[in-house]
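Everything quoted here is computed from the prediction, not taken from an experiment.
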Amino acid sequence: MKSNILVFGALGDPRTSVIKLYLELLISLQDEYHIIAIDSNLEAVDLKSHSESLGLCFDQCFSHLNDYAQHQNDMVISAVLILTPLGSHYSILKQLAAYPQFKNALVVLEKPSFSLDEIKSGFSTLVPKLNKRNVTVYFIDSAMVSPVFDCESVRNVFDSYGLPKKIIAVAMDNPMERYGEWGEYSFERKLSAINKRKLLSLPDSGGAGLGLDMGVHAIAGLMRLFYENNFTYKELEIQNVKLEALDHSSLERDKGAETQAYMEAIIKGNSGCMPLYFIAGKGGSIWDRRIELYYENLVMTISFGKLSSSPYIAIFKNNELVVETFELRNSGYVQHHKDIQALLSKNANNTPM
């Protein structure tokens with residue numbers, strides 16, 4: 001008998017919402033699972049039109065988890081995908097933790113994971129509570145699955161040169177300029193989607209703005225870099241933070257929600273300290289998600305890749321630039337989908353009968 005996969009936020013606009021990034025995954029899972037939409041906007045959605053536009057027809061749709069439980073209480077849930085705005089992530093996980101039938105399952109949580117005031121309780125209390133019921137929480141972030149961190153050249157630089165003199169972590173999206181064939185990703189072209197997704201609404205975006213939304217990439221990449229190269233991180237001493245917002249007449253933005261975030265800090269570890277400069281947001285002059293390592297006679301750039309451009313490593317030494325690129329099919333959401341399928345298969349094999 002098929003078990004269920006619940007998709008929170010499944011009925012968002014197929015042209016702009018996160019659901020389109022999971023379309024291929026969900027289609028590949030349809031033969032083995034019932035794919036069920038949970039979306040509070042259910043009554044406002046034309047399901048026939050939505051399925052035609054998305055290219056996927058959900059087996060059933062419910063407005064809330066309670067509605068689902070009344071009709072499907074005896075059905076096994078194999079996975080839950082949380083693709084809703086950030087402000088709802090914690091409450092959805094809390095509902096799942098209170099649902100007795102939810103165990104031995106997988107939760108896929110879109111980034112950022114929690115709102116600013118929910119981070120501590122989310123990671124220290126709620127996630128461990130789910131883990132005790134054999135629920136795996138899989139966090140989405142392209143930096144976490146980028147193949148650049150497994151590259152030998154990155155390890156060689158750390159082994160040969162040690163800690164860098166400084167690190168610049170950058171995560172900027174939707175630039176003001178149009179980049180050739182990628183013009184569709186410019187700020188101007190994405191402005192309506194930013195407004196529609198309420199990314200600069202404080203209640204919906206988790207108490208911050210685009211700096212938080214993009215900055216997660218930079219911090220996740222930084223943490224993975226340290227992990228892969230055995231740098232034991234102890235403390236991040238923040239010395240200066242500056243938040244800015246674009247003054248754009250068509251941008252819908254709550255007061256206090258920024259579009260760019262800048263930070264200066266000192267990273268402290270067992271093997272030494274180094275300065276960190278952090279830049280994140282949308283609508284600037286940069287379009288990349290990368291870490292730059294600065295040494296005396298060498299600069300290495302580690303780019304995680306984006307939806308439409310490949311990850312790369314660039315090393316500048318002795319006035320010579322060497323660039324190594326990686327295939328998109330081994331990074332980003334493609335790799336996330338492989339991980340999710342592997343975890344589902346593992347859970348199916350390990351679930352008690």
Side-chain angles (χ1 to χ4, degrees), residues 4-30 33-42 44-45 47 50-51 53-65 67-68 77-97 99 102 105-115 118 122 126-127 130 135-142 144-145 173 190 193-199 201 203-206 210 212-214 216-217 220 307 332-341 343-344:
N4 293 345
I5 291 179
L6 309 187
V7 185
F8 284 81
L11 302 181
D13 188 333
R15 297 167 298 177
T16 58
S17 67
V18 179
I19 185 64
K20 67 178 182 179
L21 300 176
Y22 290 83
L23 179 58
E24 290 187 13
L25 172 66
L26 294 174
I27 290 174
S28 72
L29 296 173
Q30 274 190 311
Y33 303 91
H34 295 297
I35 310 298
I36 297 177
I38 310 288
D39 201 305
S40 58
N41 293 322
L42 174 59
V45 176
L47 293 177
H50 185 276
S51 64
S53 179
L54 179 62
L56 174 70
C57 183
F58 294 99
D59 292 291
Q60 284 186 289
C61 299
F62 300 94
S63 57
H64 299 284
L65 182 62
D67 296 333
Y68 165 84
I77 300 173
S78 289
V80 171
L81 277 59
I82 301 177
L83 314 182
T84 55
L86 169 59
S88 63
H89 289 183
Y90 184 89
S91 63
I92 292 173
L93 281 178
K94 195 171 181 180
Q95 292 172 47
L96 292 170
Y99 185 38
F102 188 62
L106 170 68
V107 171
V108 176
L109 188 61
E110 260 292 338
K111 63 88 187 167
S113 305
F114 299 110
S115 299
E118 296 168 341
L126 194 50
V127 171
L130 288 165
V135 173
T136 299
V137 182
Y138 180 88
F139 299 96
I140 295 291
D141 193 286
S142 57
M144 302 300 290
V145 294
D173 212 352
K190 288 296 183 180
I194 291 172
N195 289 339
K196 191 166 187 176
R197 292 176 60 194
K198 299 182 179 181
L199 293 180
S201 162
D204 291 285
S205 67
L210 302 180
L212 172 65
D213 180 58
M214 293 303 299
V216 171
H217 293 302
L307 290 176
Y333 279 90
V334 176
Q335 186 59 50
H336 280 310
H337 294 173
K338 292 177 183 177
D339 289 349
I340 292 166
Q341 289 172 319
L343 287 168
L344 281 170

Measure the CZ-CG distance between Phe102 and Leu130 for me, rounded to the nearest 0.5 Å. 6.5 Å

Mind checking what makes salt bridge (Lys or Arg N to Asp or Glu O under 4.0 Å) contact with Lys196, not counting sequence neighbours? Asp13

Rounding to 0.5 Å, atoms CD (Gln95) and OH (Tyr90) come to a distance of 12.0 Å

Can you spot which of Ile77, Leu93, Leu6, Ile92 makes a side chain to side chain contact (heavy atoms under 4.5 Å, CB included) with Val107? Leu93

Can you name the residues that form a salt bridge (Lys or Arg N to Asp or Glu O under 4.0 Å) with Asp339, not counting sequence neighbours? none

Calculate, to the nearest 0.5 Å, the distance between atoms CG and CG belonging to Leu343 and Leu106 respectively. 5.5 Å

Listed by chain and number, what are the side chain to side chain donor-acceptor pair (under 3.5 Å) partners of Glu24, not counting sequence neighbours? none

How long is the gap from CD1 on Ile140 to CD1 on Ile82, to the nearest 0.5 Å? 11.0 Å

Quick check against the 3.5 Å criterion: does His34 have a side-chain atom that pairs as donor or acceptor with the backbone of Gln60? no

Check this for me: Lys20, atom NZ, are more than 12 non-hydrogen atoms of other residues, nucleotides or ligands nearer than 6.0 Å? yes

Applying ring-ring contact (aromatic ring centres under 6.0 Å, His included), can you list everything that pairs with Tyr333, at least two apart in sequence or on another chain? Tyr22, His336

Under the side chain to side chain contact (heavy atoms under 4.5 Å, CB included) rule, collect the residues that match up with Asp141, sequence neighbours excluded. Lys111, Ala143, Met144, Val216, His217, Ala220

So, taking the atom named CG in Leu96 and the one named CG in Leu126, what distance separates them when rounded to the nearest 0.5 Å? 9.0 Å

Could I get the full list of side chain to side chain contact (heavy atoms under 4.5 Å, CB included) partners for Leu47, not counting sequence neighbours? Leu11, Leu42, Val45, Cys61

With sequence neighbours excluded, what pairs up with Tyr33 under the side chain to side chain donor-acceptor pair (under 3.5 Å) test? none

Sorted by chain and number, sequence neighbours left out, side chain to side chain donor-acceptor pair (under 3.5 Å) with Thr84 holds for Ser88

Can you list the residues that meet the side chain to side chain donor-acceptor pair (under 3.5 Å) rule with Ser78, with sequence neighbours excluded? Ser3

Is there a donor-acceptor contact under 3.5 Å from the side chain of His89 to the main chain of Phe114? no

Asp204 side chain to Gly87 main-chain N or O, any donor-acceptor pair under 3.5 Å? no

Scanning both residues in full, the closest heavy-atom pair of Ala10 with Asp39 reads N-OD2, 3.4 Å

Side chain to side chain contact (heavy atoms under 4.5 Å, CB included) against Ser53, all qualifying residues, sequence neighbours excluded: Pro14

Would you mind reporting whether Pro85 and Lys198 have side-chain heavy atoms less than 4.5 Å apart? no

Between the main-chain N or O of Gly332 and the side-chain N or O of His337, is there a donor-acceptor pair closer than 3.5 Å? no

To the closest 0.5 Å, what do you measure between OH (Tyr68) and CD1 (Ile38)? 7.5 Å

Evaluate the criterion side chain to side chain contact (heavy atoms under 4.5 Å, CB included) for residue pair Phe58 and His50; output intermediate values, then yes/no. CA-CA 10 Å; Phe58 294 99; His50 185 276; 4.2 Å; yes

All salt bridge (Lys or Arg N to Asp or Glu O under 4.0 Å) counterparts of Asp173, not counting sequence neighbours: Lys282, Arg289

Find out whether Leu81 and Ile340 are in side-chain contact, i.e. whether some heavy atom of one side chain is under 4.5 Å from a heavy atom of the other. no

Mind checking side chain to side chain contact (heavy atoms under 4.5 Å, CB included) for Ser17 and listing every partner two or more places apart, or none if nothing turns up? Ile19

